[in-house]
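One structure is given here, and the rest of the page talks about it.
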Protein chains: 2
Amino acid sequence: MTTTSTERGSVADAIRALVVTREFQPGDRLAEADLAARLDVSRTPVREALRQLAADGMVEHVPNKGARVVALSPAELEHVFELRARVEGTAASAAAVGATGAELDRLDELAEEIARHGLPGPDQALDRVYGCNADFHLLLAESSRSSVIAASVRQLFHTAATVRTYQGFDEASVRRSVAHHREIVAALRARDGEWARSTMHSHLANARAALLGPRPVAHSHDTVDAPRDDGADDPAPTRPPS
Amino acid sequence: MTTTSTERGSVADAIRALVVTREFQPGDRLAEADLAARLDVSRTPVREALRQLAADGMVEHVPNKGARVVALSPAELEHVFELRARVEGTAASAAAVGATGAELDRLDELAEEIARHGLPGPDQALDRVYGCNADFHLLLAESSRSSVIAASVRQLFHTAATVRTYQGFDEASVRRSVAHHREIVAALRARDGEWARSTMHSHLANARAALLGPRPVAHSHDTVDAPRDDGADDPAPTRPPS
DNA sequence: CTCCTGACTATTGCATGCACTTTACTGTTC
DNA sequence: GAACAGTAAAGTGCATGCAATAGTCAGGAG
């Protein structure tokens, strides 16, 4: 059932997978000995991976107290989407210049796979969308030909690893999202960086709205500081008291 | 001579300091045993710190081959400044809402200290500016009240740890930069997020120009792909062949 | 002279063991 | 019954040792 060994994949990836599959939920402690036993390695590589994940923002590390899966508040999720829009928009713009033909072909494949597994139909499999979506966004970042951009995208993407793609999306949001992936590749093929950037902005605004609901209106007299989160059936991402 | 022990400060910070002081230059190998001896700890915490720094983007880690200080090409430095402008602009905007009085006071102090050590005069000490500037930008990021924003700012800032603040800046650029720090705090005190954001944009555009020279003009017939870097006397940041 | 092959060295990757900190429990005292 | 102290258990932090891999150099064949 669970992959019983690390199998040449890094320990950090294995732990990320455990978080993505909700085996560890936001706020859960990540005990080193426990992870070491699960992944069938010693505590040493586990500790290294946890430090790495902590720097990535997926895990919170407190000295002498261990690591926990980060629990993002709705306000912080808003920030994740804002930063992703800006950073991945830049990535898309740079990828319009730098992407190779092979990368564009692979992005096409991934966009189609996301469509197959995301849209209603015989092949729908929402639990398989997360991986394809991750591959799409991270490959796009690589296509920017900039290690700096790629690292920033990776960090932000992994920070939101607990947000499962398309889970809780309404169908219209899913259709828009699927269309965005295809359109981004079209923009890249046209070598139009601004087209790619703005489509990426739309893509992430759509995801934000599907997960978090309408944006809070600053000068309204109700719910000034608390963004809505209807539409998302995630467990309330309340931050554990530090 | 060198700080002979880690003294309660984390090993990662100690290694960062070695890079900032140019004891290790971009492209240099970071051998675990060597660092362990220098910092008077065993290889284990050194390895953990290197993984962390690799996730932060300051160090490049190749399996079975060890870690090297990242050498950023001029094109990647351009990307660092673009992303910093977008991400730290967002941080400044959020800090205008969230910064506490104590944080604003500390930012004021840091801005003044940067002025004292950066501007010509009896207290000028360019080598001390880096630390103050780092404190300023990282504290500003903390003031955003968002761990996500803070982590992104940290990552981008540390990625460019090899760029020494104000070294090679002409005097006009230094004066602008000093004024920017003060103006940003003024904008935060006015709780004006857009003011803070745009001043931060100017601040980083100024730093970019001082270090990298005029931006390449896309549709010019000369130097299309190679950004100028006159004005910076840094050693040519050529990327080692991978 | 060049290229290939082999062993040797240096360095990384990982497992294990011990010391110290934190936490939870239990027994005692007010 | 509640609060506190002392102790035991659990878990992290770090050092050390061994196995495995990459890099280096010497030797020999073409």
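Scope of the values below: all heavy atoms of this structure, side chains included, with no hydrogens, waters or symmetry mates. Letters go in sequence order (proteins before strands), and every chain restarts at 1.
Among all heavy-atom pairs drawn from A/T90 and B/R86, the shortest one is OG1-NE, 3.2 Å.
Atom pair B/N64:CG and C/dA10:C1' shows a separation of 13 Å (rounding to whole Å applied). Look at CZ on B/R68: it is 11 Å from P on C/dT12, rounded to the nearest Å. Taking atom CG of B/L35 as the reference point, atom C1' of D/dC14 lies 16 Å away to the nearest angstrom. With rounding to whole Å, A/E32 atom CD is found 17 Å from C/dG17 atom P. One can place CG of A/L50 at 14 Å from P of D/dC14, the figure rounded to the nearest angstrom.
Checking D/dT12, C/dG13, C/dT16 against the side-chain heavy atoms of A/R29 singles out D/dT12 as nearest. The side chain of B/A31 lies closest to C/dT12 when the candidates are C/dG13, C/dT12, D/dT12. Listed candidates were C/dT16, D/dC14, C/dG13. Nearest to the side chain of B/S42 is D/dC14. In this structure, of C/dA15, D/dT12, C/dG13, it is D/dT12 that holds the atom nearest to the side chain of A/R43. Here the nucleotide nearest the side chain of B/E48, chosen from C/dA15, D/dT12, D/dC14, is D/dC14.
Taking side-chain N and O atoms only, B/K65 has a distance below 4.0 Å to OP1 or OP2 of D/dG23. Applying the 4.0 Å criterion to OP1 and OP2 of C/dG13, one finds that B/R47 has a side-chain N or O inside that range. Contact annotation: A/H61 reaches the phosphate of D/dG13 (side-chain N/O to OP1 or OP2, under 4.0 Å).
A 6.0 Å sphere centred on CZ of A/R128 holds no more than 12 heavy atoms belonging to other residues, nucleotides or ligands.
For the pair A/T44 and B/A33, both in contact range of DNA chain C, the more 5′-proximal nearest nucleotide belongs to B/A33.
Judged by distance alone, the side chain of A/T162 and the main-chain N or O of A/V20 form no donor-acceptor pair under 3.5 Å.
No side-chain heavy atom of A/L18 sits under 4.5 Å from any side-chain heavy atom of A/L30. Annotation: side chain of A/L140 is in contact with side chain of A/L188 (closest heavy-atom distance under 4.5 Å).
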